[in-house]
Amino acid sequence: MSNGKIEFPIHDGVFIHLKDAILFVNDQGEIVKGNNAAFSLLNINVKDDLSIFRFMDFDLLMGDAEKHLLMELKKDDGRLIEVKSVRVDDSLYCLIMSDLSIQDKTEEIKTYINQLTHASIEGMVMYNEEKVLDCDQTFANMFGYDKEDIIKMSLAELVQEYNGYGLNQVTYKSSEESKVYTVIKNDGRIVHLEMIEQPYNNYGDIIRVAIIKDITEQIENERRIEFMAFYDELTDLPNRNFFVKILKEAISDAKEANEMLAVYFIDLDYFKEINDTLGYAFGDKLLKACGEKLKSFLHTDTFIARMSGDEFLILQKHTKNKDDAVKLAEELISEFEKPIKIDGYELFISISIGISVFPENGLSANDLIKHADSAMYVIKERHRNNYNLFESSISENFKNMLTMERELRKALTLGHFELHYQPQKNLGSGKIVGLEALLRWNHPITGYIPPDDFISLAEKTGLIIGIGEWVLKEACKQNKAWQDKGYEPVIVSVNLSAKQFHQKELVENIENILTQTGLDPCYLELEITESMAMSNEDLIIDTLKRLRKLGVLVSIDDFGTGYSSLKYLSIFPVTKLKIDKTFMDENQKQNQAIVKSIIHMSHSLNMKVIAEGVETIEQLTFLESEKCDEVQGYYYSKPLPPERLTKFFQVQ
């Protein structure tokens, strides 16, 4: 005892509960302390001096010390009292007493359960170590059983203590007052139940009454929140946040163990073209399939995540050396050489990989990721379908790329772009019948920058949308200006990027530009690539029909470099095919055969055909002999600024 408070001991499996009748006596049997339940049982007035009372038959009780003794107290009503004795110290005993004349507490507890059940939607259960004694139907429903079936079972058969779901799911921790269990219902569904219980001592049998609450939705919400914070919803792979967290831990371990690790920045080659041509839903399926491929490389020393878009990250711990880092990159490239089947398509998609190694290429997670990204960008621009180890010079190239992107944005705002036009000649009449508008970037400091140096960057950053709209408007405005000067009308051709072509508002934008510039739609020709034309058939046909209805002409550029279907060409409202300049080598008989086939096929489909890249008299003579309709190339003229084209109009 301390400060007048009774400490309730546990001894030899004897549990003392506040509702028990408890009495403390000294070695003489004199009552020292007790609770109201004990005083009521012994008919002791708590206002009396306890020292005048002595526990009756104490000597008999102590003769069989610390064992249960059923004894009859000399009371008028002759009630039987069960007494359990527990030694507290050499001179103090704790007596736990139960009135055996009181009926079994089970019914009392059942009444309590019924009262709680009516007041709560939570399930209720009463059980002991062996079996469920009683429950309500709400409790039974939580397990997918009828109430009668539950009562035949033990609680251990129904529940197992919840221990979390692993790294990718939240762990719900039990409080001191409650426990959480994972339960597999009778129908196989997993639910999570929170249990708050109250024990009762019934004839020495511990009966527990518990309130059960289904917290499945709560736990699933917590899991969902954590999943959203650390996982990519599309591929189910960890996201960048989780990757950085794991990478930081791996760096700390590598420092301590004096080891290397490698970070791989992976980009899918030509994914944007596939996404733009086959649609975003198809692109999502491809990303999921690529994620599955990467998962096959998961083992103890690797961690894989989706960065964003078509970019993925891999961490390889315990890397032995650079050759070890390269080995994994080669295995990845080899795996992606195998085809991927999606919606009946068999795709061959390659990857570009940048590699950075700790500690040589960076000491922080951000530096390692940034340098791996830089290394990837270099290989992406040069070859693709390959890997590249980071070098210090790469960082400089990456900075140059960022600088160019910044300058590219300024160029559109400040008007640094120009259009040059390459004449297109009709071989039958000998007249100039068209001009292809070609973009040029006239940088105020470095001068003209070739399109090959910035178009891919414009497409990657999305700037191609704004640039493409400017090209359309400028070409239409310039063509109308020539007509207003009295020159014979010609058609101006403008290349559309895949991103432009798949804009929902494309036709409306073109119609607005024609209205603003006043150009008749029949003098505007839009060029789309063969791969764009052969992608989403329904979308392509709908867009092309709307353009033709508007009065705009449509041609397929770079024809012969892809895998066109004659069936598609026969139903597409296309007015012209453009033979790619790669087939203009007259020394290649195979090229000549291809050119012949394209010309004859175009005419059979009532389409005109134009050959680009014509540079020699031999090429021109061959095309004339095969009755090619139109040509363009350096043999007649290179692309020129508007002011230098007036001579071509004047001689007609």
Side-chain angles (χ1 to χ4, degrees), residues 270 273 277 421-438 490-498 501 524-537 540-541 543-545 547-548 552-639:
Y270 304 107
E273 288 81 355
T277 55
Y421 300 86
Q422 188 169 39
Q424 298 171 332
K425 188 171 185 178
N426 183 284
L427 291 181
S429 65
K431 290 185 176 182
I432 301 299
V433 293
L435 298 164
E436 181 178 6
L438 298 166
V490 296
I491 297 169
V492 64
S493 299
V494 176
N495 292 279
L496 287 182
S497 71
F501 190 76
L524 173 63
E525 180 179 76
L526 301 175
E527 296 186 7
I528 62 174
T529 63
E530 185 179 4
S531 59
M532 288 164 56
M534 300 304 128
S535 54
N536 189 325
E537 179 182 344
I540 296 297
I541 292 177
T543 304
L544 293 180
K545 283 182 177 179
L547 289 171
R548 292 294 292 123
V552 173
L553 305 175
V554 180
S555 66
I556 296 181
D557 193 14
D558 300 336
F559 193 81
T561 59
Y563 305 93
S564 298
S565 167
L566 291 178
K567 181 194 78 169
Y568 291 157
L569 287 179
S570 65
I571 59 177
F572 283 167
V574 175
T575 53
K576 187 188 296 182
L577 297 183
K578 178 178 277 191
I579 301 174
D580 188 69
K581 60 185 177 182
T582 57
F583 297 109
M584 287 299 103
D585 187 352
E586 66 272 13
N587 296 321
Q588 296 282 342
K589 290 186 177 181
Q590 184 180 7
N591 285 347
Q592 291 187 345
I594 293 173
V595 172
K596 286 182 182 181
S597 298
I598 294 175
I599 293 173
H600 296 160
M601 178 190 66
S602 300
H603 290 162
S604 68
L605 295 173
N606 295 319
M607 296 181 189
K608 290 184 179 181
V609 60
I610 180 173
E612 64 177 344
V614 178
E615 298 181 355
T616 67
I617 186 61
E618 290 80 11
Q619 292 171 342
L620 181 62
T621 302
F622 168 70
L623 292 169
E624 287 177 329
S625 68
E626 296 300 326
K627 302 211 172 2
C628 182
D629 298 298
E630 300 170 7
V631 294
Q632 76 178 80
Y634 275 51
Y635 182 78
Y636 285 110
S637 174
K638 65 180 182 179

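The shown structure was predicted, so the numbers you read here are calculated from the model rather than taken from an experiment.
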Report the distance from atom [atom1] of [X] to atom [atom2] of [Y], rounding to the nearest 0.5 Å.
X: Asn591; Y: Thr582; atom1: CG; atom2: OG1; value: 7.0 Å
X: Leu553; Y: Leu526; atom1: CG; atom2: CG; value: 8.5 Å
X: Ile610; Y: Ser493; atom1: CD1; atom2: OG; value: 7.0 Å
X: Leu623; Y: Leu427; atom1: CG; atom2: CG; value: 7.0 Å
X: Leu605; Y: Leu577; atom1: CG; atom2: CG; value: 7.5 Å

[X]: side-chain contact (heavy atoms from CB on, under 4.5 Å) partners, not counting sequence neighbours:
X: Glu626; value: Lys596, Ile599, His600, Phe622
X: Asn495; value: Glu436, Leu438, Glu527, Asp557
X: Tyr635; value: Val614, Ile617, Leu620
X: Ser637; value: Pro423, Leu640, Phe648

Are [X] and [Y] packed together at the side-chain level, in the sense that at least one heavy-atom pair is separated by less than 4.5 angstrom?
X: Phe501; Y: Leu544; value: yes
X: Thr616; Y: Met584; value: no
X: Ile491; Y: Leu435; value: no

Start with the C-alpha gap between Glu612 and Asp580, add the side-chain angles, then the distance that decides, and say whether side-chain contact (heavy atoms from CB on, under 4.5 Å) holds.
CA-CA 6 Å; Glu612 64 177 344; Asp580 188 69; 3.8 Å; yes
Take Val631 and Gln619, measure what side-chain contact (heavy atoms from CB on, under 4.5 Å) needs, and give me the verdict at the end.
CA-CA 10 Å; Val631 294; Gln619 292 171 342; over 6 Å; no
To check you understand the geometry: which heavy-atom pair defines the closest contact between [X] and [Y], and what is its length?
X: Ser555; Y: Thr575; result: N-OG1, 4.4 Å
X: Arg548; Y: Val552; result: NH1-O, 3.0 Å
X: Ile598; Y: Val609; result: CG2-CG2, 4.3 Å
X: Val554; Y: Pro573; result: CB-O, 4.4 Å

For Lys608, give me all partners under side chain to side chain donor-acceptor pair (under 3.5 Å), at least two apart in sequence or on another chain.
none
Under the side chain to side chain donor-acceptor pair (under 3.5 Å) test, which residues partner Ser602, sequence neighbours left out?
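Scan of Ser602 (side chain to side chain donor-acceptor pair (under 3.5 Å), adjacent residues dropped) gives none.
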Considering only NZ, NE, NH1 and NH2 on the basic side and carboxylate oxygens on the acidic side, decide whether Glu630 and Lys576 come within less than 4.0 Å.
yes
Trace of the side-chain contact (heavy atoms from CB on, under 4.5 Å) decision for Gln422 with Tyr634:
CA-CA 9 Å; Gln422 188 169 39; Tyr634 275 51; 3.8 Å; yes
Donor-acceptor contact below 3.5 Å, side chain Gln424 vs main chain Gln632:
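Between the backbone of Gln632 and the side chain of Gln424 there is no qualifying donor-acceptor contact (under 3.5 Å).
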For Lys425, salt bridge (charged side-chain N to carboxylate O under 4.0 Å, His left out) partners two or more places apart
none
Hey, mind stepping through Leu524 and Val494 against side-chain contact (heavy atoms from CB on, under 4.5 Å) and telling me if it holds?
CA-CA 8 Å; Leu524 173 63; Val494 176; 4.1 Å; yes
